[in-house]
Every structure is written in C-alpha cells, then in structure tokens.
Colleague: 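Questions regarding the structure given below will be posed in turn.
A note on names: the letters A, B, ... follow the listed sequences, proteins ahead of strands, and every chain is numbered from 1.
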2 protein chains.
Amino acid sequence: MNSFSAAQRSRVTMLDVAERAGVSKASVSRFIGEDRALLSEAIARRIEQAISELGYRPNQMARGLKRGRTRLIGMLVADIRNPYSIAVMHGVETACRRHGYSLVVCNTDRDDEQERQHLALLRAYNIEGLIVNTLGHHRDELLDLRSEMPLVLVDRKVDRLESDLVGLDNPAAVKIALDHLEQRGYRDLLMVTEPFDGTSSRIERVDSFKSGIEQRPALAGAVVEIDNQLTARIQAFLAQPGPGPKALFCANGIAALATTQVLRESGCHLFDDVGLIALDDLDWYPLVGSGITALAQPTAEIGARAFECLLQRLRGDNGPVRTVDFAAQLIERGSTLGASR
Amino acid sequence: MNSFSAAQRSRVTMLDVAERAGVSKASVSRFIGEDRALLSEAIARRIEQAISELGYRPNQMARGLKRGRTRLIGMLVADIRNPYSIAVMHGVETACRRHGYSLVVCNTDRDDEQERQHLALLRAYNIEGLIVNTLGHHRDELLDLRSEMPLVLVDRKVDRLESDLVGLDNPAAVKIALDHLEQRGYRDLLMVTEPFDGTSSRIERVDSFKSGIEQRPALAGAVVEIDNQLTARIQAFLAQPGPGPKALFCANGIAALATTQVLRESGCHLFDDVGLIALDDLDWYPLVGSGITALAQPTAEIGARAFECLLQRLRGDNGPVRTVDFAAQLIERGSTLGASR
DNA sequence: CTGTTAGCGCCTTCAT
DNA sequence: ATGAAGGCGCTAACAG
C-alpha cells in the first residue's frame, strides 16, 4: 500500500550481485568481508563491478544477525542539552567512526523511566558496547547489560557498578580553583552546585571544596544548591560580613548560568563586586561582564578515551577495572582579577 | 576468546521461550507482536511467564530483517555543536519515542565526506525515514534514499531535492526584526551572517534583509560574513558616518557569539554604543551586557513537526510536497532599548 | 486458536 | 580458490 515499503523490499541484495557477476553468494560475501585475499583477481573485479553497477550496499542488520557484531555502540546521556554532554558525545562519535563503529545516542532527560526504555532499546538492537553518562538507576538492567557487553562510565560513577570510568580529576580541579582564588585575594567563598541527586562528580566536587576550605585557615566557604531559593541565598551571602573579599565557585556550566543570572538580577557589577570561577568552559564565558574564569575539561579527549576503553574490552581485555582521570585546565579571565580593584 | 562475544551468543532467544512455555515459536511471535488478541488466555499467560523467567528480549535486528521495519529513524545533522540543531534534535527524539521509533543521529561536522559515509551507514541499517539538516551535497545519494524512504528537510532546503520542509518563516522573522529596530530608532544596520555556503535559510535571511532595507527609506543596511576580517569590518561600520543610530543584526546564534566577541574586543559598552538583535535565543543572551534581544525559534515544535511529517509519509501519504513555516517570536532585551539613551 | 513451513540477507563450515 | 548448504532470530503465510 505504501510506496516505500515496496521500495524497501526491492533493494538490491547479495544474491543479485552474485548472479550479475556470475559467482556464488559466498564469493560476494568474501569480497564484502575481510576475506578478500582469498579471491582471484578476476572474480574480485567482476564482483566489484557488479556491486557498483547495482549500487549494492550490504545490509548491516543481516550481517549483525549472523555474526553477532553490529558495529553499534550505545551511549546513554542524562541531558542532551548540557554542553558538556554534547562535547563528550562529539568526542565519542569521532572515535567511533574512526574505528568503523556507529553511535546510537539515547537521551534520558534525567528521567528514570526513559532510562529504562532506552536500555531495553539498546539491548534490542544488539549494541556491542555501552557508554553511560547518567545516574544509572535501574542497576539491575545495567548489571544485565554489563554481563553481555563492556560498559564505560563517563563523568559519574554508578553505585555498586564496577566499570571503567573516564572523567575529570575533580579533587585536583577544585584544588586549582581554590589555589587560584586564594592567591587572588578572595577569602569568602560560596560554591553553587546543581541539586544533589547522587551524581558522583558533583559530590566529589563539593566534598573536595569542603575539605579544601578546612585545610586553608585563611578561607571560609559554604555550599548552596540550585533551587528557587538561590537568589535569596546568594544575596544573603553577598550581604553578610565575612573574612574578606567574596567569590563564587560554580560547580559546572549549568550552575554558572544560574549564578550569573542571579548576579545580574541583583544588580552586581560583573565582576567587581564578587569573584567567579566556573567548572567547564562554555563559549559564552568570555562575553559575560569582564569574562568568566574557567576550569576547562578536555571533553573531546574524555569522549575519545571512553570509546578506546570500550574498544580494548571488546578486543578481549579482561583486566581489572580502570579509572582515567583527566586534568582540568585553568583559563583566567576577568572574573577573578582579584579583590584589589 | 572474548568473554563478551560468548555472552552475546548465549542470549535467550524466541525458541528458548517457546520450549520453556511448551508452545511454538509462532505463538511467541504473536505474543510479542500485535497479534496478541489471537492467543488464548492460558497460552498467553504461559508465554508471559516464560519470558519474564528467562528475561527474554526480542532481537530487533532479526525483526527488522524479516519485516523490513526497523523502527529506526535517521537524522543527518550538519553541526552537532550548534544549539539550534541540538534543540531540534531533542524535539525529534521526543516525538520519535512517543511513537515507538528510535533515532540514530549522524553528525557530519559540515564535512561532505562524512555526510556521504553517514548516508551509506543509515541506509545499511535500514532506517525507515530520514530527517536532513545539512547542505545535502551528494544529491545522488539523497535521491537514492529519497526513492526508498520518506525524507524531511529541516531548516534548509537541498537544491533540486523535492521534499517536505520544516523550518522558520525567515522573511517574516526578518520583518519583525526590522520593524523592531526601526521603531526603536535605529537607522544604520549591519547584518552578520555565517559564510554563504548554500544554506537556504541563511540566504533567505540575507535576501529578506536586503529587500527589507530597500523598502524602508529611513534605513540603510549592509551585510558581512564571518571571516578573519570580521573585526575590521564591524569596526569600520561603527566608525563610519551613517544615517543615524547603528544596530547589528545577527543571522543566527553563531553570528551572535562572534559579533559579541568583536564588540567586546572593540571596547564597546554593550549595548549603549550599538544595538543588537539576534536570531535564535540561546540561554546566555540575557547575560551579556544589557541582554541580547532575540528572535526565538520554536525548536521543539520544529523537531516534532518534522517527525510527524515523516510519520504521515510512512503511513502512506503520497500527497504533494509540503512546507511548514513556523513563526519566530521576538524577545526584547536590553540590546535594543533604543538609540535614545 | 495454534503449529508447520519458508524464507528475510548474510556468514560460515564443509566440500570440491 | 570457489560453491553448496545450513542457520542466525524472527515473521508470515498456510494448514489444521
């Protein structure tokens, strides 16, 4: 009935090529696959010609069905609208393509039910490996998958799920930030983070911040989560007397956006009244006020490395679980020029 | 050799379920598919139990192979790092899932060769429909695909490729912008656009701008592309005498980023020295200077509508090609407060 | 209602 | 070096 379903069925198949070239399907299959060396020059040429004349494309579904290799990698992303996720995903995709794999991205929108559906889906399509950047509730499903295919975590751990993990060295990053702020003369700090939902990197950053503050007698510090009280909380922080010049530390790009919004609404002069440093480096950081100092993550590398981990496991590496920590890079801009203005 | 390839093969199959439930594969298949009504209560229950006991998941590859229906939709995106593309993609994906489809996204990074590879790939995986947001060189490939499956263009046309098109009403959007700028007292305008590479929406915006200027005696206008001369060009525009207050019109988010950068470097006070209006509405627009006035695109709707077009075609609609134009929405911020400061 | 029988397009022994 | 045959997991007639 539909003009397309008919067309779909009429696609040229391996048999067509074989007949056209006057050879068997097996030979065509060998030509398609890695066994081209086993073919005589003459036959190879005839097959090649038949293929191009007919415009033949092997059907990956059928190949996957037979060989159990789909050349598909799945990626579970918590929030596709987070620039960090996009950047990592781009790195993963590039690495995938370079190695002949394709990437199927599933966005969970931070929703547990969607995560479950997507996991079922990815499994149904026989992906060969999975890259996970979500909270990973549904540990059952994940454990199931884990037993069928390699799995690499990005940025955030999943509770009691042992797997390779690629991400940022959060304690080191926080240390860089604190060193920088202290050196620039800031004394009273407030870390702004997205709400605690179990995200391990978020927790690490906050914990490192707290312990860092404790170890530095000169500094005072507190932490607030983003919620509808944020404006009030930040304004209170700015108003209250403290040990010295104040600065805000945004735990990621989302926090940086929310915080900057609050500062503007509060009529702050960015950034003379208060310092600001943010994790992640988004393209608009330089444009706001005197520019936002950033701790950039090597997102492309993180993505590429995540895929490489997967590839090693696919190739049979059964060694112990690894953790790869990348270093953040400090990019100084106007928002931490110092309390001495 | 690899522990995973073994696991992969040992996945529970339909036959396992059938034996466990003491029925035939056909019954299991009916249970899985839409024909559940044809089964007796007793058998259905036994199958259901066997499935849950064994943790059976149908293999979509095999289903797709047999039925010619993969429930997969492909999307070709020119630049995954463009927020517009992300937003649209999110809309598409949501619509897909709501209708039981999954989305395979391919990012071409504006590279023709990658576009070709991705097209081959999508075809190899038997996607049922394609959403295209690229320049669409390789018209041959696209025409081939077009004959096999429905295809919907987003935002930009592809030369001599007749297909449904979902995007923005660019002339109307530009008119809104010009009306707004003129009403606010700006008289000397400069449109900043990404380089002309054939992108139809880009051309439409520039053409509408030019003809709009011609129709308004009070206004003067010119156009510049983003290149390494951009800073010089914008500075020249700002320095030269003109018919009145000056404003910049950024043809999309990328242009807005580049332009704002230049203005900062040039020491402009954002936005007292010069007005600014930008197409797209990115989350950081409110944060820069006094805030950037935007023409927001309904990206989620655009994405959803693109998928719905596809779905209609998949359901057999062979009617004439349609074009869906959405309206931009003006969001006023500080950057067009007017020349009267 | 249910089971049997053929394949979908491809890969892989096993012969030749 | 090549071909024939069987099967990957599933669906779609056809019988019963």
Colleague: Hey, mind stepping through R123(B) and D144(B) against salt bridge (Lys or Arg N to Asp or Glu O under 4.0 Å) and telling me if it holds?
Modeller: CA-CA 10 Å; R123(B) 178 193 286 207; D144(B) 264 22; 3.5 Å; yes

Colleague: If you measure from CE on M61(B) to OH on Y125(B), what distance do you get to the nearest 0.5 Å?
Modeller: 6.0 Å

Colleague: Taking OP1 and OP2 of dC10(D), is either one under 4.0 Å from a side-chain nitrogen or oxygen of Y56(B)?
Modeller: yes

Colleague: Given 3.5 Å as the limit, does a donor-acceptor pair link the side chain of D164(A) with the main chain of R322(A), or not?
Modeller: yes

Colleague: Please evaluate residues E113(B) and R116(B) with respect to the criterion salt bridge (Lys or Arg N to Asp or Glu O under 4.0 Å), reporting the C-alpha separation (whole Å), side-chain torsions for both, the decisive distance (0.1 Å), and the verdict.
Modeller: CA-CA 5 Å; E113(B) 176 53 20; R116(B) 211 185 52 67; 3.0 Å; yes

Colleague: When you measure from the side chain of R67(A), which nucleotide among dT12(C), dA12(D), dG9(C) comes out closest?
Modeller: dT12(C)

Colleague: Which pair of non-hydrogen atoms, one from I131(A) and one from V154(A), has the smallest distance, and what is that distance?
Modeller: CG2-CG2, 3.6 Å

Colleague: Would you kindly give the CE-to-P distance between M61(B) and dC10(D), to the nearest whole Å?
Modeller: 13 Å

Colleague: Between dC10(D), dA12(D), dG3(D), spot the one nearest the side chain of A26(B), thanks.
Modeller: dA12(D)

Colleague: NA contact type, V23(B), heavy-atom cut-off 4.0 Å: base, sugar-phosphate, or nothing?
Modeller: sugar-phosphate

Colleague: Looking for any heavy atom pair under 4.0 Å, which part of the strands does S27(A) touch: base, sugar-phosphate only, or nothing?
Modeller: sugar-phosphate

Colleague: OP1 or OP2 of dC10(C) sitting under 4.0 Å from any side-chain N/O of R63(A)?
Modeller: no

Colleague: Using whole Å, what does the distance between atom P of nucleotide dG3(D) and atom CE of M14(A) come to?
Modeller: 13 Å

Colleague: Measure from CZ on R69(B) to C1' on dA12(D) and round the result to the nearest Å.
Modeller: 14 Å

Colleague: Quiz question: going by heavy-atom distance under 3.5 Å, is there a donor-acceptor pair between the base of dG3(C) and the side chain of R30(B)?
Modeller: yes

Colleague: Distance from L161(B) atom CG to R139(B) atom CZ, nearest 0.5 Å?
Modeller: 8.0 Å

Colleague: Just the rounded figure in Å: distance from C1' of dG9(C) to CD1 of I32(A).
Modeller: 12 Å

Colleague: Under 30°, 30 to 60°, or over 60°: which ring-plane class applies to F307(A) and H99(A), parallel, tilted or perpendicular?
Modeller: tilted

Colleague: When Watson-Crick pairs (N1 to N3 and N6-O4 or O6-N4) and G-U wobble pairs (N1-O2 and O6-N3) count only below 3.5 Å on both distances, what is the dot-bracket string of DNA chain D, with | for other-strand pairs?
Modeller: |||||||||||.||||

Colleague: Side-chain donor-acceptor pair under 3.5 Å between Q117(A) and R97(B), yes or no?
Modeller: no

Colleague: Give the nucleotide from the list dT4(C), dA4(D), dC10(C) with an atom nearest to the side chain of S24(A).
Modeller: dA4(D)

Colleague: Rounded off to whole Å, could you give me the CG-to-C1' distance for the N59(A) and dC10(D) pair?
Modeller: 14 Å

Colleague: Quick one: CZ on R156(A) to CG on L165(A), what's the gap to the nearest 0.5 Å?
Modeller: 11.5 Å

Colleague: Base of dG9(D), side chain of K66(B) - is there a donor-acceptor contact under 3.5 Å?
Modeller: no

Colleague: Distance check needed: dC10(D) P versus E19(B) CD, whole Å only.
Modeller: 13 Å

Colleague: Measure from NZ on K25(A) to C1' on dG7(D) and round the result to the nearest Å.
Modeller: 11 Å

Colleague: Quick one: do the N126(A) and R11(B) side chains pair a donor with an acceptor below 3.5 Å?
Modeller: yes

Colleague: Which of residues 34-47 of chain A sit near DNA chain D, with a heavy atom under 4.0 Å from it?
Modeller: L38(A), L39(A), S40(A), I43(A)

Colleague: Starting from P on dC10(D), measure out to CZ on R71(B) and report it in whole angstrom.
Modeller: 17 Å

Colleague: What distance, rounded to whole Å, do you find between the two C1' atoms, one in dT5(C) and one in dG6(D)?
Modeller: 16 Å

Colleague: May I ask you to evaluate whether T13(B) reaches the phosphate of dC8(D), defined as a side-chain N or O under 4.0 Å from OP1 or OP2?
Modeller: no

Colleague: Which nucleotide in the list dC10(D), dC10(C), dG9(D) gets nearest to the side chain of L65(B)?
Modeller: dG9(D)

